[in-house]
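Each residue takes its place number in the sequence, starting with 1. Counting starts at 1 for both ligands and their atoms, in listed order.
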Amino acid sequence: MPVIIVAEECQGCGTCLPMCPNNAIVYVEKDDCTIAEIVSENCVECGECVEFCLRGAIKEV
Ligand code: SF4
Ligand code: SF4
């Protein structure tokens with residue numbers, strides 16, 4: 001199932017970045033904030049990262 005990171009809910013804590021086995025989660029600069037984003041080309045939609053965001057910013061869609 002595809003996953004997304006809701007930019008408005010991400011605090012850029014970085015917890016999720018090393019949790020992806022495919023290194024599909026990267027930092028990006030957006031509106032002067034550093035947030036996490038999923039590189040869809042590298043994501044295999046395993047869903048493992050969803051549970052690691054304590055803010056619930058990573059969602060299966
Ligand atoms: S764990 Fe959640 S809040 Fe932290 S960088 Fe990842 S998506 Fe953002
Ligand atoms: S769904 Fe899996 S492959 Fe995609 S970003 Fe999350 S942990 Fe990485």
Side-chain angles (χ1 to χ4, degrees):
M1 193 177 292
V3 294
I4 60 163
I5 295 176
V6 179
E8 293 76 16
E9 297 178 15
C10 174
Q11 287 190 323
C13 69
T15 303
C16 59
L17 270 73
M19 300 303 176
C20 175
N22 291 318
N23 296 319
I25 309 178
V26 298
Y27 267 144
V28 295
E29 300 294 324
K30 195 167 187 179
D31 299 329
D32 291 331
C33 293
T34 301
I35 61 170
E37 193 170 271
I38 293 171
V39 179
S40 57
E41 294 82 12
N42 298 342
C43 176
V44 296
E45 303 180 1
C46 66
E48 288 182 23
C49 54
V50 174
E51 65 183 283
F52 291 114
C53 179
L54 299 180
R55 290 192 45 89
I58 308 177
K59 302 181 192 301
E60 289 184 307
V61 293

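Of all atoms in ligand 2, numbered sequentially from 1 with element shown, those under 4.0 Å from a heavy atom of P21 are 7 (S). Residue contact check: N22 has heavy atoms under 4.0 Å from atoms 3 (S) of ligand 2. Against a heavy-atom cut-off of under 4.0 Å, G47 is close to the following atoms of ligand 2: 1 (S), 2 (Fe). Against a heavy-atom cut-off of under 4.0 Å, Q11 is close to the following atoms of ligand 1: 3 (S), 8 (Fe). Interface of I25 with ligand 2, defined as ligand atoms under 4.0 Å from a residue heavy atom, comprises 5 (S). Remark: ligand 1 atoms within the under-4.0 Å shell around heavy atoms of A36 are 5 (S).
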For side chain to side chain contact (heavy atoms under 4.5 Å, CB included), just list the numbers for T15 and L54, CA-CA rounded to whole Å, side-chain angles, deciding distance to a tenth of an Å, and then say yes or no.
CA-CA 9 Å; T15 303; L54 299 180; over 6 Å; no
Steps toward side chain to side chain contact (heavy atoms under 4.5 Å, CB included) verdict (N42, N23)
CA-CA 7 Å; N42 298 342; N23 296 319; over 6 Å; no
After noting the C-alpha distance and the side-chain angles of I35 and V28, does the key distance pass the side chain to side chain contact (heavy atoms under 4.5 Å, CB included) rule?
CA-CA 6 Å; I35 61 170; V28 295; 3.8 Å; yes
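Only the side chain of I58 comes within contact range of ligand 1, with a heavy atom under 4.0 Å; no backbone atom does. Residue contacts with ligand 2 for V50 are absent, since no atom lies close enough (heavy atoms, distance under 4.0 Å). Contacts between C53 and ligand 1, counted as non-hydrogen atom pairs separated by less than 4.0 Å, involve both the backbone and the side chain. At a heavy-atom cutoff of 4.0 Å, ligand 2 is contacted by the side chain of V3 but not by its backbone.
Scanning both residues, G56 and E9, for their nearest heavy atoms gives O-OE1, 3.4 Å. Closest of all the heavy-atom pairs between V50 and I58 is CG1-O, 3.5 Å. Nearest approach of E45 to P2, heavy atoms of both residues: OE1-N, 3.6 Å. Across C10 and A57, no two heavy atoms sit closer than the pair N-CB, 3.9 Å. Contact between C16 and I25 at its shortest, heavy atoms only, is O-CD1, 3.5 Å.
Nearest protein neighbour of atom 2 (Fe) of ligand 2, counting heavy atoms only, is C46 SG, 2.3 Å. If you check which protein heavy atom lies closest to atom 4 (Fe) of ligand 2, you get C43 SG, 2.3 Å. Protein heavy atom closest to atom 3 (S) of ligand 2, with residue, atom name and distance, is V44 N, 3.4 Å. Scanning the protein for heavy atoms near atom 5 (S) of ligand 1, the closest one is G14 N, 3.2 Å. Of all protein heavy atoms, the one closest to atom 8 (Fe) of ligand 2 is C20 SG, 2.3 Å.
Taking hydrophobic clusters as Ile, Leu, Val, Met, Phe, Trp and Tyr residues chained together by side-chain heavy-atom distances below 4.5 Å, V3 shares a cluster with Y27. Connection of I5 to V61 is not established within any shared hydrophobic cluster, with ILVMFWY side chains joined at heavy-atom distances below 4.5 Å, either directly or through further cluster members.
Contact annotation: C49 places an N, O or S atom under 2.8 Å from atom 6 (Fe) of ligand 2. Among the atoms of C13, no N, O or S atom falls under 2.8 Å of atom 2 (Fe) of ligand 1.
Surrounding NZ of K30 are at most 12 heavy atoms belonging to other residues, nucleotides or ligands under 6.0 Å away.
Taking 4.0 Å as the cut-off, C16 does not count as a neighbour of ligand 2 on heavy-atom distance.
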